[in-house]
Participant: 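Pasting a structure here, questions to come.
Worth saying up front: this structure is predicted, and the values here are computed from it rather than measured. Within every chain, numbering begins at 1; the chains are lettered A, B, ... in the order of the sequence lines, protein sequences first and strands thereafter. The basis for the numbers below is simple: all heavy atoms, side chains too, and nothing from hydrogens, waters or symmetry mates.
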Number of protein chains: 2
Amino acid sequence: MRTAAFAVIAWAVATSASLATELPDVQKRAILSEFMHLLKIPNVAQDSTNIRHNADAIIAMMQSRGLAPRLVESSRSSDAPPIVYGEWKVPNAKRTIVLYAHYDGQPVNPAEWTTAPWEPTLRSAPLEAGGSTIAADSIDAKTRLYARGTGDDKAGVIVILSAIDQLRQAHRTPTDNLKIVFEGEEEAGSPHLGQLLSEQRKLFESDLWVICDGPVHPTGRKEVIYGARGDINIDLTVYGPNRALHSGHYGNWAPNPGLRLARLLAAMKNDSGRVAIPGWYDDTAPLGSLEKKAIAAATAYDEPVRRDLGLAATESDTSLAGSWTEPSLNINGMRSANVAEQAANVIPASATAVLDVRLVLGNDPRRQFEKVLAFIRSQGYFVIDREPTADERLQHPLIANVRLRPGLYAAARTPMDQPLAHAIAAAVRASTRDEIIELPTSGGSLPLSIVQAALGTGAIVVPIANYDDNQHAANENLQLGNLWEGIATYTAVLTHPAPR
Amino acid sequence: MRTAAFAVIAWAVATSASLATELPDVQKRAILSEFMHLLKIPNVAQDSTNIRHNADAIIAMMQSRGLAPRLVESSRSSDAPPIVYGEWKVPNAKRTIVLYAHYDGQPVNPAEWTTAPWEPTLRSAPLEAGGSTIAADSIDAKTRLYARGTGDDKAGVIVILSAIDQLRQAHRTPTDNLKIVFEGEEEAGSPHLGQLLSEQRKLFESDLWVICDGPVHPTGRKEVIYGARGDINIDLTVYGPNRALHSGHYGNWAPNPGLRLARLLAAMKNDSGRVAIPGWYDDTAPLGSLEKKAIAAATAYDEPVRRDLGLAATESDTSLAGSWTEPSLNINGMRSANVAEQAANVIPASATAVLDVRLVLGNDPRRQFEKVLAFIRSQGYFVIDREPTADERLQHPLIANVRLRPGLYAAARTPMDQPLAHAIAAAVRASTRDEIIELPTSGGSLPLSIVQAALGTGAIVVPIANYDDNQHAANENLQLGNLWEGIATYTAVLTHPAPR
């Protein structure tokens, strides 16, 4: 890790270049306006009509910048969200990087949003801090922009294109040839990405992928992350009686599926917050010494994050960055009948949970799923992947319907001493007065393993969003200061020094 | 218990009276039409506007029958659903009975209903058996009528009034003076009933209440039930981070409230399906020998019920009627974030369950609630009855928001050898060729304890609905055969023989 003194010198060197370090207000307003236009288009991957509208809008944005955009379509499914591809060929450039972001977003439950997910709204502060709506041209660094995709990950689209604008305006060229890949189904698990890349290997050929996705560190420090966890999602339903029953007439005679689900989920973790499923941690690849050092250094930042999230204690003794080097098991959601004013005195017919399993280097997605299946069977369950038949209900006291969702990511990591990655990290470092944080892997997931499998190319992540952006949840937002600083970060990435 | 041979003789005696044993079709059509009119009015107790519309409609129905109806209003709350009261004074009658039903219904989640809850719909068979919609004048005994309140408990209203019609048409008078009480907030826990009865003790004075509510036995046999369980409902919420978080960035570091809820609920019952909360069964009043005998006799009917509900096993070794003599603990509903297509990769901010606790003779509602509170505290929880403050979140790793809903019922039982109750049971027995089932208590709850506390009067339950009426759940329905047979039952109740 560098010292703070060195950081100041590096920053001074970087600012001696002809690129503006602070965007003029007029440019900020233009960027914000273009961004809000894009955020108005609903962007759930399964909504193929609106996904096309997004792709068309991005094509237009790239056209105006001379990036020769085109749609790369799946040959197998006409409904698959296309990749929006563009490029900037640089005379005499020795290398090529791919700049990646995704334009699709997580599904929404509109009832949970304060303002509609696809009506971009500016607030003077976070909603939780009582932020009120303000004019659509407020460019203050503390302003929050609310909409699905603000942080995850249309921010990546606007930041990459705006950084390119900075170079164009300064009549500069990037250090490398640029290829731009904007994906439209990352939140659905990138089911077609591997096929699209494999079918056009030449088009996507490069030396390194640079992924603009995810939040910066909770302290606000910039990050360079050399890998990502993998991810699988599991739908789990257990059953009670074949129809909901009056809880008085049948309570404690007919089994309650909510209690069954509770017992099953409770058994999956022990008292120390460790996953109790046999073999859960067995396949984990060991960390190198650089990686271990980086994780140890990041631990210092855990305490303010814990307090900010209102947590008296964390789930286990593992540090935040340390937890990213282990496979996780999380309950995304749980439902049985109704609660609050819709609750009725019933024994529900079923209870459902959605599980999220993050994977690390060494984990095979299907093998990790098999461990979950084996565990559920070990709890006495008859396991199927559909609704039970009437006969099965009478034969098996415990029935679990367990389904692996499509879209599996394995984990991937680029070594922290890879020369091109290291040179880009140096540019990020030079773009800020603060220390930056370098980590071997993020906690979140990105299709890095798909890129690696299809093209054999490594990837690093240079995120820009605020960590409290409610990513994946209701009221997703981006702090505008992160947008302005993100453009500066990517301007630095594009003009990084030559690797050693 | 009587023998089958005796039942046939008793039935033959009953049919020798001048009352019709089978309703003419034209009468059935008129009854069905009047019932459907009433079912069209939404009837959730909290919906005070529509509750008034129901009360007005019932007043009109009683006016036309010369029952001198009036509304009995709460002096404390103008929003409280009124009692619709009526009476038939019989010259020289020695006793007075109150006929009770309730016109409010359980809350609904319209999304779960196949046809809208307040658009009464006739089907040729149960939905589960593929029943299709049929004409609104189909009076076949197998026809199912779908709407909220069909079984629970507007059926009680229409059956009592139609039985009175039978007597009027035959120029007969009831054995006793009749008072009619139709309550409008039973499903909300009858929060004003005690006060209304206490304020007008003279008006409600009687020798016995006869409650028309709940389903007959799963075999279709008629029942006379001498008591009911009490009931309390508890809202329970546990917390994770102060906002929903990305499950990748924080998974297995920030605690998951769904897992916390699962662990807490799982700990509430042991492997044998018994409630593990200390002292749970301690206050249970012992059963008399008549009561024990009745429960033992009813056990013979459990097996077909289990099979019909698609259960390979029941929750514990207790018989169905035996389980009604113990306090229950049931999970009515559970929710944390979202499932299915709305699920996102998040650590939710909270997880909620609604608990239903049925009480038996000996249980005090608040004392039983205190046992739940003490148990939650014993699991390490800081227990409050509201959302936690930011400071509390940082002080207490485990926080539970536990609230007792208003509307507490204690249990109540009338001795099985009480003379007037016994005479009414004899009339029910005489109205059918089948054996009837007599039980010391129902599994469900009724405001019997409130009547007992306010007036000192006992009560019995004579139910009429089909047991598979989806009472309290979506797609509630009544089999028309139960409606026709219910009218015959109540015609017999009204003309019961003099007690010994």
Participant: Assess whether salt bridge (charged side-chain N to carboxylate O under 4.0 Å, His left out) is satisfied between A:Asp391 and A:Arg393, documenting all intermediate values.
Facilitator: CA-CA 5 Å; A:Asp391 278 351; A:Arg393 284 176 177 275; over 6 Å; no
Participant: Within a reach of under 6.0 Å around CG of A:Asp317, are more than 12 heavy atoms found that belong to other residues, nucleotides or ligands?
Facilitator: no
Participant: Heavy atoms only, distances under 4.5 angstrom: which of B:Ala344, B:Ala473, B:Pro107 has the most pairs with chain A? Name it, please.
Facilitator: B:Ala344
Participant: Which answer fits A:Ala343, side chain, backbone, both or neither, if we ask what part of it has an atom under 4.5 Å from a heavy atom of chain B?
Facilitator: both
Participant: Check salt bridge (Lys or Arg N to Asp or Glu O under 4.0 Å) between A:Glu223 and all other residues, then give those that pass, not counting sequence neighbours.
Facilitator: none
Participant: Given that the side chain runs from C-beta out, which part of B:Thr237 has a heavy atom under 4.5 Å from chain A: side chain, backbone, both or neither?
Facilitator: neither
Participant: At a heavy-atom separation under 4.5 Å, does B:Tyr239 approach chain A through its side chain, its backbone, both, or neither?
Facilitator: neither
Participant: Measure B:Val108 against the heavy atoms of chain A and call it side chain, backbone, both or neither at under 4.5 Å.
Facilitator: backbone
Participant: Is it the backbone or the side chain of B:Arg229 that comes under 4.5 Å from a heavy atom of chain A, or both, or neither?
Facilitator: side chain
Participant: Does the separation of the ring centres of B:Tyr467 and B:His217 fall below 6.0 angstrom?
Facilitator: no
Participant: Examine whether an atom of A:Pro126 lies under 4.5 Å from a heavy atom of chain B, and if so say whether it belongs to the side chain, the backbone or both; otherwise answer neither.
Facilitator: neither
Participant: Determine the option with the most heavy-atom pairs under 4.5 angstrom with chain B, choosing from A:Gln342, A:Arg307, A:Gln471, A:His246.
Facilitator: A:His246
Participant: Is chain A contacted by the side chain of B:Asp302, its backbone, both, or neither, given a heavy-atom distance below 4.5 Å?
Facilitator: both
Participant: Given heavy-atom pairs under 4.5 angstrom as the criterion, report whether the side chain, backbone, both or neither of A:Thr352 touches chain B.
Facilitator: both
Participant: Applying salt bridge (Lys or Arg N to Asp or Glu O under 4.0 Å), which residue pairs with at least one partner in residues 343-352 of chain B are found, sequence neighbours left out?
Facilitator: none
Participant: Hey, which of A:Ile347, A:Val354, A:Asn338 has the most heavy atom pairs under 4.5 Å with chain B?
Facilitator: A:Asn338
Participant: Evaluate the criterion salt bridge (charged side-chain N to carboxylate O under 4.0 Å, His left out) for residue pair A:Arg148 and A:Asp104; output intermediate values, then yes/no.
Facilitator: CA-CA 9 Å; A:Arg148 176 56 91 218; A:Asp104 67 312; over 6 Å; no
Participant: Using a strict 4.0 Å threshold on nitrogen-to-oxygen distance, state whether B:Asp231 and B:Arg405 make a salt bridge.
Facilitator: no
Participant: Relative to chain B, which segment of A:His396 carries a heavy atom at a distance below 4.5 Å: side chain, backbone, both, or neither?
Facilitator: backbone
Participant: If you measure from the Lys or Arg side-chain nitrogens to the Asp or Glu carboxylate oxygens, is any gap between A:Lys269 and A:Glu315 under 4.0 Å?
Facilitator: yes
